[in-house]
Number of protein chains: 2
Amino acid sequence: METRELRYFVAVAEELHFGRAAQRLGIAQPPLSRAIQQLERRLGAALLARGSRGVTLTEAGSVLLREGQAALDAIDAAERRTRRAALAPTGRPGVVLVTKAGATGELLAKLLDAYAAEPGAVAVDVMLCGIGEQERLLRDGRADVALLHRPFDSTAGFDTEELHAEGQVVVLPAGHPLTGRAHVRMSDVAALPGLPMPRWPNLDGTFPDGAGPPVHNHTQLLQLIALGRASAILPESVRAEPRDGLVTVPVADAPTVTTVIAWPPHSRSRAVAALVQAATRL
Amino acid sequence: METRELRYFVAVAEELHFGRAAQRLGIAQPPLSRAIQQLERRLGAALLARGSRGVTLTEAGSVLLREGQAALDAIDAAERRTRRAALAPTGRPGVVLVTKAGATGELLAKLLDAYAAEPGAVAVDVMLCGIGEQERLLRDGRADVALLHRPFDSTAGFDTEELHAEGQVVVLPAGHPLTGRAHVRMSDVAALPGLPMPRWPNLDGTFPDGAGPPVHNHTQLLQLIALGRASAILPESVRAEPRDGLVTVPVADAPTVTTVIAWPPHSRSRAVAALVQAATRL
DNA sequence: AGCGGCGATACCTCCCCGGTATCGGACCAG
DNA sequence: CTGGTCCGATACCGGGGAGGTATCGCCGCT
């Protein structure tokens with residue numbers, strides 16, 4: 001199976017429409033139709049059911065969509081990492097580390113310092129990205145190693161090492177009645193009147209339904225809370241950056257947030273290994 | 001990057017010889033040389049250093065070899081799993097479960113029974129394979145789920161669920177001086193005079209250096225021990241099949257062997273999920 | 001110098017990929 | 001029922017690229 005065929009199939013399977021898929025791929029529709037037919041013939045499997053009401057996936061088609069996306073990510077990763085390895089002038093390519101913007105400030109700084117102090121350390125590019133993007137970046141080779149936060153991020157398919165565990169706190173506007181309590185429970189803060197939990201965007205940029213205000217990043221969120229328009233449950237490390245107008249109260253029974261360092265399991269990069277080792281020694 | 005180019009490169013990188021690689025690929029040497037050059041041009045990276053003393057990998061080449069092998073496995077997996085999904089007459093494809101021959105008899109039987117009793121259970125093909133092959137079968141799609149034994153098998157890159165933990169015993173010929181001891185330590189059995197540990201074949205069929213007799217499977221090993229030619233440290237479940245001429249003694253400080261069920265992290269197969277659930281309920 | 005091993009180059013052929021034009025069936029409006 | 005529209009399939013053509021054979025160029029060895 002050729003990469004080209006796989007890309008074509010995935011495009012059609014995602015669009016469920018030959019014309020739009022062809023447009024997205026930058027080719028005409030007839031060669032796309034032919035390529036898919038040929039793929040189906042070679043696999044001996046019907047992948048798409050062409051009905052009068054458009055195209056649907058068969059059982060085999062769903063399997064190929066899922067597995068094919070993973071395979072295409074692996075190929076992209078191979079290409080990207082090779083390119084990066086090649087353009088390193090020293091012969092020792094740098095490492096791309098990705099983490100959520102604003103989430104891991106202090107830990108990240110300590111990690112970078114500790115690693116930089118090691119003999120043979122190479123350049124570390126730090127990439128900050130939105131929520132849920134890290135896994136994709138690690139999978140398709142745009143990053144080599146990531147700081148993830150369980151249970152929010154899925155670590156499926158990566159090797160990981162735990163770095164730090166912390167409880168969660170509820171962040172409230174100053175003066176809220178719950179202020180001053182030593183701790184609260186999830187049930188106390190699940191639905192505070194007038195202070196809904198914010199909604200974060202999905203990966204495709206849309207927002208889930210709900211009452212809370214849509215937010216894109218930490219700063220927006222904290223500002224909304226200070227204005228008395230929202231509340232949020234966040235890892236207790238938010239206390240490291242105190243802010244006027246905000247109060248935090250520990251939530252006793254909120255799930256523990258674990259910061260882990262994650263990397264692709266087949267990675268044999270010396271730099272990634274050294275970075276992980278430095279991280280575990282923190 | 002096309003699958004064909006990647007396969008060509010991996011062949012050359014493994015053989016470190018254009019002529020042999022071409023032979024293995026079933027093509028002539030010149031088109032292979034050209035394909036590799038073209039790949040290097042497109043990636044903008046020197047992958048191979050052509051010296052007068054043959055071919056060696058550059059830094060970028062090693063990266064592409066490793067990442068490329070993973071990507072090719074992912075593509076093979078996509079193809080195999082799609083084929084299997086298609087040829088299922090019911091529209092509900094069967095599952096291929098792989099485990100080491102002879103290692104997990106009773107647990108496997110219970111698992112298959114428990115799963116078969118569930119509503120909506122599909123056919124489970126059981127594949128038995130040699131040591132260390134399971135990971136590859138799971139990775140390239142010839143199997144969908146595996147029973148692995150930590151710490152012998154690596155579970156890197158798979159989702160896992162622990163099923164069973166057990167200690168290890170040393171297996172000795174009947175009448176050996178250590179027989180009758182309630183337990184022994186690793187240092188007691190590390191090098192028993194006249195009873196060397198056996199050597200298992202590597203993945204390529206060669207044997208590591210050492211004193212012990214080469215063995216290919218459990219039966220051979222137990223027979224050699226009964227003959228007084230070897231000893232071995234094995235999970236305590238070997239006691240489930242008692243055998244004349246053999247005695248087992250627990251090894252107090254041997255690493256615990258954990259049986260886990262493992263599957264590819266992106267699997268969304270209902271059947272695999274149900275199988276895992278049945279396994280955790282055992 | 002001669003030879004052998006090995007990768008690169010030159011040149012040819014044919015297949016396959018992509019393009020345009022067109023067809024054929026399903027659904028819809030009237 | 002008929003014309004129109006939407007959409008995937010088919011027909012046909014041209015060019016690029018994949019693979020083959022023959023040969024070269026370089027290096028190391030005897």
Side-chain angles (χ1 to χ4, degrees), chain A residues 1-62 64-65 68 71-72 75 79 86, chain B residues 1-62 64-65 68 71-72 75 79 86:
Chain A
M1 198 164 41
E2 287 305 311
T3 310
R4 186 185 49 85
E5 302 177 289
L6 203 47
R7 282 192 211 285
Y8 285 8
F9 171 74
V10 169
V12 177
E14 285 178 353
E15 299 281 349
L16 291 178
H17 189 289
F18 279 76
R20 279 194 300 274
Q23 203 171 355
R24 189 173 117 186
L25 292 166
I27 64 172
Q29 169 261 321
L32 178 57
S33 283
R34 252 186 312 141
I36 301 290
Q37 286 178 62
Q38 184 178 323
L39 179 62
E40 288 180 305
R41 235 179 301 125
R42 279 211 269 253
L43 289 174
L47 301 171
L48 299 167
R50 286 92 163 159
S52 55
R53 226 179 268 315
V55 179
T56 53
L57 283 175
T58 64
E59 195 64 29
S62 327
L64 185 57
L65 175 56
L72 289 178
I75 287 177
E79 191 163 336
Chain B
M1 201 166 35
E2 287 304 309
T3 309
R4 186 184 49 85
E5 303 177 287
L6 203 47
R7 281 191 212 285
Y8 286 7
F9 170 75
V10 168
V12 176
E14 285 177 352
E15 299 280 349
L16 290 178
H17 190 289
F18 279 75
R20 279 195 299 275
Q23 204 171 353
R24 189 173 118 186
L25 293 165
I27 64 171
Q29 169 261 320
L32 179 57
S33 283
R34 253 184 314 136
I36 301 290
Q37 286 177 60
Q38 184 177 324
L39 180 61
E40 288 179 306
R41 235 179 304 124
R42 280 211 265 252
L43 288 174
L47 301 171
L48 299 166
R50 285 92 162 160
S52 53
R53 227 179 263 317
V55 180
T56 53
L57 283 174
T58 64
E59 194 64 30
S62 327
L64 185 57
L65 175 56
L72 289 177
I75 287 177
E79 191 162 338

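Small disclaimer: the values here were computed from a predicted structure and weren't measured. Letters A, B, ... are given to chains in the order of the sequence lines, protein chains preceding strands, and every chain is numbered from 1.
- For B:Ser62, the side-chain hydrogen bond (donor to acceptor under 3.5 Å, both in side chains) criterion is met by no residue, not counting sequence neighbours.
- Taking each heavy atom of B:Phe18 and B:Ser33 in turn, the nearest pair found is CD2-OG, 3.5 Å.
- Distance CD1/B:Ile75 to CD1/A:Ile75: 3.0 Å, rounded to 0.5 Å.
- In this entry the distance linking CG of A:Leu39 with C1' of C:dC16 reads 15 Å, nearest Å.
- For B:Arg50, a side-chain nitrogen or oxygen approaches OP1 or OP2 of C:dA8 to under 4.0 Å.
- Per the geometry, CZ belonging to B:Arg41 stands 13 Å off C1' belonging to C:dT9, to the nearest Å.
- Contact annotation: A:Ser33 side-chain N/O to D:dA9 OP1/OP2 distance is under 4.0 Å.
- A 4.5 Å side-chain heavy-atom check between B:Ile27 and B:Tyr8 finds at least one atom pair inside the cut-off.
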Donor-acceptor pairs under 3.5 angstrom involving side-chain atoms of residues 40-51 of chain B: please list them, not counting sequence neighbours.
{"unit_1": "B:Glu40", "atom_1": "OE1", "unit_2": "B:Arg50", "atom_2": "NH1", "d": "3.0"}
{"unit_1": "B:Glu40", "atom_1": "OE1", "unit_2": "B:Arg50", "atom_2": "NH2", "d": "3.1"}
{"unit_1": "B:Glu40", "atom_1": "OE2", "unit_2": "B:Leu47", "atom_2": "N", "d": "2.8"}
{"unit_1": "B:Glu40", "atom_1": "OE2", "unit_2": "B:Leu48", "atom_2": "N", "d": "3.2"}
{"unit_1": "B:Glu40", "atom_1": "OE2", "unit_2": "B:Arg50", "atom_2": "NH1", "d": "3.1"}
{"unit_1": "B:Arg42", "atom_1": "NH2", "unit_2": "B:Glu5", "atom_2": "OE2", "d": "2.9"}
{"unit_1": "B:Arg50", "atom_1": "NH1", "unit_2": "B:Leu48", "atom_2": "O", "d": "3.2"}

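- B:Gln37 has its CD atom 9 Å from the C1' atom of C:dG7, to the nearest Å.
- The side-chain hydrogen bond (donor to acceptor under 3.5 Å, both in side chains) search around B:Thr58 returns none, not counting sequence neighbours.
- Between B:Glu2 atom CD and C:dC16 atom P there is a gap of 15 Å when expressed in whole angstrom units.
- Shown here are the side-chain hydrogen bond (donor to acceptor under 3.5 Å, both in side chains) partners of B:Arg34, two or more places apart in sequence or in another chain: there are none.
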Please list every donor-acceptor pair under 3.5 Å in which a side-chain atom of residues 19-26 of chain A meets a protein atom from a residue at least two apart or in another chain.
{"unit_1": "A:Arg24", "atom_1": "NH1", "unit_2": "A:Glu14", "atom_2": "OE1", "d": "3.4"}
{"unit_1": "A:Arg24", "atom_1": "NH1", "unit_2": "A:Glu15", "atom_2": "OE2", "d": "3.1"}
{"unit_1": "A:Arg24", "atom_1": "NH2", "unit_2": "A:Glu14", "atom_2": "OE1", "d": "2.7"}

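- For DNA chain C, none of the residues of residues 15-25 of chain A falls under the heavy-atom distance limit of 4.0 Å.
- For A:Arg4, the side-chain hydrogen bond (donor to acceptor under 3.5 Å, both in side chains) criterion is met by no residue, not counting sequence neighbours.
- Summary for the helix from C:dA1-D:dT30 to C:dG30-D:dC1: the axes at its two ends, each from 5 pairs, differ by 20° when rounded to the nearest 10 degrees.
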(message) One character per nucleotide, please: for nucleotides 17-30 of chain D, 5' to 3', B when the base has a protein heavy atom closer than 4.0 Å, S when only the sugar-phosphate does, - otherwise.
(response) -SBBBB----SSS-

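- In this structure the side chain of A:Leu16 reaches within 4.5 angstrom of the side chain of A:Leu57, judged on heavy atoms.
- Side-chain atoms of B:Met1 and A:Thr3, non-hydrogen and from C-beta on, never get closer than 4.5 Å to each other.
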